Amino acid sequence: MSEPSNTPDPSQDTPPTFIYGATRDWPGYFESVAGKPARETLLDALDRFADEKPTDAIDLGCGEGRDTQELLERGWNVLAIDGSQVGVDKLLARPGLQGHPNLTTRVSVFEELGNLPTVRLLNASFSIPFCTPEHFDAFWNTITDAIEPGGRFSGQLFGDRDSWASIPDRSHQTIDEAKALFEGFELEMFDEEERDKQDYQGIVKRWHVFHIVARKHG
Ligand SMILES: C[S@@+](CC[C@H](N)C(=O)[O-])C[C@H]1O[C@@H](n2cnc3c(N)ncnc32)[C@H](O)[C@@H]1O
C-alpha cells in the first residue's frame, strides 16, 4: 500500500468518484462513472457460469446500469434495483434498455426491500455498505435467501479500516465478519484491497474493500 501524501495531485483536476459516495451524492456519482465498463467481480462470476444457460439475475444497487447492461448483453433476465430514481432513469436511458424484454427495474431502498425473487446470480457492486447498520442483518438475509442453491453472489463489502467505516449510516465488516457472512457458500474469490487514494483537494481516503464471488452450496 502506498503512503498517503498531503500534497494535492495537480494532475487530478476533477473530483475522483469516491467523493460522491462519502456524501451519498448519487447523481454526481452517476455522472462521474458514465461510460465505465462492468465490474470485475461480475465478470468473474459470469465466467464461472460459462457452461450454463443464462437465467435470472438481480443487480442490487444497480446505479446507472454498468453491470445490468453487461448481464442483458449476455442473455440474463435482470431485475435491477436501486434506491435512486435518477440512477434507474439513467439506466433506462442506455441504448436499447427502455422496454428491454429481459429487464425489470425497481426503485427501492435496501431498508424496505421486502422479499426478493430467487435467482441464479445476485450481483451487488459497491452498494451493500450503504445499507444502514440497523437494517443490515435483515438485508443480508434477504440477499442470501434470494440466491438459489448452486447460485452465486458477486460484489463488494467494505472493511473496518476503510475511511468511511466511521460514518454512522454505513455497514462495514472486519475480514472475519465478512467471511462469516458467507457461511453456506464457497468463496470462489475473496480479494482484500487496502490502499490510500488522494482526492483533488489532497484529502486521503483509505479504501478497504473485499471483492467477492461466492457460490451457495447446492
Ligand atoms: C457506489 S454506487 C454503485 C453503483 C453501481 N452498482 C456501480 O457499481 O457503479 C452505490 C449505489 O447504491 C445505491 N444505494 C445507496 N444506498 C442505498 C440504499 N439504502 N438503498 C438502495 N440503494 C442504495 C445508490 O443509489 C448507488 O446507485
Side-chain angles (χ1 to χ4, degrees), residues 15-46 57-73 76 78-94 97 103-116 119 121-143 146 152-159 162-165 167-173 189 191 193 197 199 205-213:
T17 57
F18 68 74
I19 70 159
Y20 302 106
T23 57
R24 294 180 182 258
D25 173 3
W26 301 124
Y29 174 82
F30 301 141
E31 290 297 329
S32 76
V33 297
K36 299 244 185 196
R39 301 285 187 179
E40 292 295 325
T41 34
L42 173 65
L43 297 177
D44 184 279
L46 291 175
I58 292 173
D59 188 9
L60 196 51
C62 57
E64 46 75 66
R66 59 198 289 181
D67 288 350
T68 293
Q69 173 143 12
E70 182 76 24
L71 284 159
L72 290 168
E73 285 172 1
W76 289 77
V78 185
L79 171 58
I81 304 173
D82 201 280
S84 167
Q85 182 72 57
V86 175
V88 171
D89 288 347
K90 280 190 170 290
L91 181 154
L92 290 170
R94 286 174 174 256
L97 264 60
L103 174 63
T104 305
T105 57
R106 187 168 142 196
V107 177
S108 172
V109 294
F110 301 148
E111 294 79 2
E112 297 169 10
L113 210 48
N115 289 333
L116 293 173
V119 291
L121 172 61
L122 190 142
N123 179 65
S125 295
F126 290 89
S127 58
I128 291 172
F130 297 100
C131 179
T132 50
E134 59 271 33
H135 291 95
F136 183 82
D137 290 349
F139 179 49
W140 187 253
N141 285 337
T142 300
I143 289 174
R152 287 187 169 87
F153 169 91
S154 54
Q156 282 72 26
L157 297 174
F158 286 1
D162 190 278
S163 296
W164 295 345
I167 302 177
D169 67 358
R170 306 299 165 92
S171 295
H172 289 232
Q173 288 79 29
M189 176 202 291
D191 290 346
E193 176 185 1
K197 197 165 175 197
D199 78 6
K205 181 201 185 284
R206 173 155 298 187
W207 284 105
H208 185 205
V209 183
F210 308 118
H211 302 276
I212 300 164
V213 176

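Counting convention: from 1, in listed order, for ligands and their atoms alike. What you see is a predicted model, and the numbers here were worked out from it, not measured in a lab.
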Yes or no: does V33 have any heavy atom under 4.0 Å from an atom of ligand 1? no
Fit a plane to each ring of W140 and F136, take the angle between them on a 0 to 90° scale, and name the class: parallel (under 30°), tilted (30 to 60°) or perpendicular (over 60°). parallel
Sub-4.0 Å heavy-atom approach of E64 to ligand 1: no
Heavy-atom pair of closest approach, residues C131 and S171: O-OG, 2.7 Å
Using atom types as modelled and distance alone, determine if a side-chain donor or acceptor of S84 lies under 3.5 Å from a backbone N or O of V86. yes
Strictly distance-based, threshold 3.5 Å: is any side-chain N or O of Q173 a donor or acceptor partner for the main-chain N or O of L157? no
If you measure from atom 7 (C) of ligand 1 to every heavy atom of R39, Q156, E111, which option wins on shortest distance? R39
Which is it for R94 and E64 under the salt bridge (Lys or Arg N to Asp or Glu O under 4.0 Å) test, yes or no, and what are the steps along the way? CA-CA 9 Å; R94 286 174 174 256; E64 46 75 66; 2.7 Å; yes
Looking at V213, is its backbone amide N or carbonyl O close enough to the side chain of S154 to form a donor-acceptor pair, meaning the two atoms are under 3.5 Å apart? no
Are more than 12 heavy atoms from other residues, nucleotides or ligands located less than 6.0 Å from atom CG of N141? yes
Per atom 15 (C) of ligand 1, closest listed option by heavy atom (Y29, F130, F139): F130
Starting from atom 3 (C) of ligand 1, which protein heavy atom do you reach first, and at what distance in Å? S125 O, 3.5 Å
For D82 and G87, indicate whether the former's side chain and the latter's backbone hold a donor-acceptor pair under 3.5 Å. no
The closest protein heavy-atom partner of atom 27 (O) of ligand 1 is D82 OD2, 2.6 Å
Can a salt bridge be assigned to the pair R170 and D162 using a cut-off of 4.0 Å between side-chain N and carboxylate O? no
Counting from 1, what ligand 1 atoms have a heavy atom of G83 closer than 4.0 Å? 21 (C), 22 (N)
Going by the atom numbers of ligand 1, which of them fall below 4.0 Å from some non-hydrogen atom of S84? 25 (O)
Report yes or no: does a heavy atom of Y20 sit under 4.0 Å from some atom of ligand 1? no
Looking only at protein heavy atoms, identify the closest one to atom 5 (C) of ligand 1 and say how far it is in Å. G61 O, 3.4 Å
I'd like to know whether ligand 1 has A124 as a neighbour, heavy-atom separation below 4.0 Å. no
How far is atom 12 (O) of ligand 1 from the closest protein heavy atom, and which atom is that? S127 CB, 3.7 Å
Starting from atom 10 (C) of ligand 1, find the nearest protein heavy-atom neighbour and note its residue, name and distance. F126 O, 3.5 Å
Relative to the heavy atoms of R24, which atoms of ligand 1 are at a distance of less than 4.0 Å? 16 (N)
Under 4.0 Å between heavy atoms, the region of K36 that gets near ligand 1 turns out to be neither
Go through ligand 1 atom by atom and flag the ones less than 4.0 Å from a non-hydrogen atom of S108. 21 (C)
Any idea which protein heavy atom is nearest atom 18 (C) of ligand 1, and the distance to it? F110 CD1, 3.4 Å
Do the rings of W207 and F126 sit parallel, tilted or perpendicular, given the 30° and 60° boundaries? perpendicular
Taking R24 for its side chain and F130 for its backbone only, find out whether a donor-acceptor pair lies under 3.5 Å. yes
